[in-house]
Amino acid sequence: GAVVSQHPSWVICKSGTSVKIECRSLDFQATTMFWYRQFPKQSLMLMATSNEGSKATYEQGVEKDKFLINHASLTLSTLTVTSAHPEDSSFYICSARDYRLAEINEQFFGPGTRLTVL
Amino acid sequence: GNSVTQMEGPVTLSEEAFLTINCTYTATGYPSLFWYVQYPGEGLQLLLKATKADDKGSNKGFEATYRKETTSFHLEKGSVQVSDSAVYFCAFPSGNTPLVFGKGTRLSVIA
């Protein structure tokens, strides 16, 4: 149980285009999903917290107009990188929290999406 | 503030060697503690967890004991394998917020 999927697993796009990444909780309801960015050989950097049915909360320094997050249901959150540029190339990872485990706050991670912007 | 300090890597070991990756935390109260593992090119997987003091989490030969008195959660394995090569993250939740992560420790096991 507690499986999180991401789609696509990798994507290559041209500079100036937009890319949408999906994060799904397959066998549980996720009231909260998190989006992280990871640069090579570095730890995860939290970008935003996404609560179902409400606006995402972005971390300081993350452009909300560039990284659009939607969490329309208890099993799906999307991250759209708008007008992508080469510096947006990175590994994007989502995680989801199962409200039933809220007391220990465990998060389940997706496999990640590697974005390369040419 | 809340933080996690992990030993810096990379750590390189020969197969069957003993592994210790140190982790200490600074937190309010006594949160659950986690170790996550990230294999090359993949996302994070929960390796083990402990929810209260003196609990021992274990999985795949790895162990970590929640030490309240030293605010530590060191990861150990008695005999590492090449397949254990990965990055290991110590983490804990901070209230109703995302996990607080350490910087990660890269482990390379050579045959």
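Below, chain A is the first sequence line, B the second, and so on; all start at residue 1. The structure presented is a predicted model; accordingly, all values stated were derived computationally and were not measured.
- Within the 4.5 angstrom heavy-atom criterion, only side-chain atoms of Q38(A), from C-beta onward, approach chain B.
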Stepwise side chain to side chain contact (heavy atoms under 4.5 Å, CB included) test for Q38(B) and F91(A):
CA-CA 13 Å; Q38(B) 184 179 30; F91(A) 194 53; 3.8 Å; yes

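- No side-chain heavy atom of F101(B) sits less than 4.5 Å from a side-chain heavy atom of M45(A).
- Chain B forms the most heavy-atom pairs under 4.5 Å with one residue out of T49(A), V4(A), L46(A), and that residue is L46(A).
- You'll find the side chain of F108(A) stays beyond 4.5 Å of the side chain of L44(B), heavy atoms only.
- Within 6.0 Å of atom CD in E8(B), 12 or fewer heavy atoms from other residues, nucleotides or ligands are found, so the atom counts as exposed in its surroundings.
- V62(A) and M33(A) fall into different hydrophobic clusters, where Ile, Leu, Val, Met, Phe, Trp and Tyr side chains are chained together by heavy-atom contacts under 4.5 Å.
- With hydrogens and angles ignored, the 3.5 Å screen pairs no side-chain donor or acceptor of E42(B) with any backbone N or O of G112(A).
- Contact detail for S43(A) and G102(B): the closest heavy-atom pair is OG-O, 3.1 Å.
- Looking at heavy atoms from C-beta onward, F89(B) lies in side-chain contact with L44(A) at the 4.5 angstrom threshold.
- How far CZ of F34(A) is from CG of L99(B): 7.0 Å, rounded to the nearest 0.5 Å.
- Crowding of K52(B) atom NZ: a count of heavy atoms from other residues, nucleotides or ligands under 6.0 Å not exceeding 12.
- Taking hydrophobic clusters as Ile, Leu, Val, Met, Phe, Trp and Tyr residues chained together by side-chain heavy-atom distances below 4.5 Å, F109(A) shares a cluster with L46(B).
- Within 6.0 Å of atom OH in Y39(B), more than 12 heavy atoms from other residues, nucleotides or ligands are found, so the atom counts as buried in its surroundings.
- Within 6.0 Å of the CD atom in E16(B), the count of heavy atoms belonging to other residues, nucleotides or ligands does not exceed 12.
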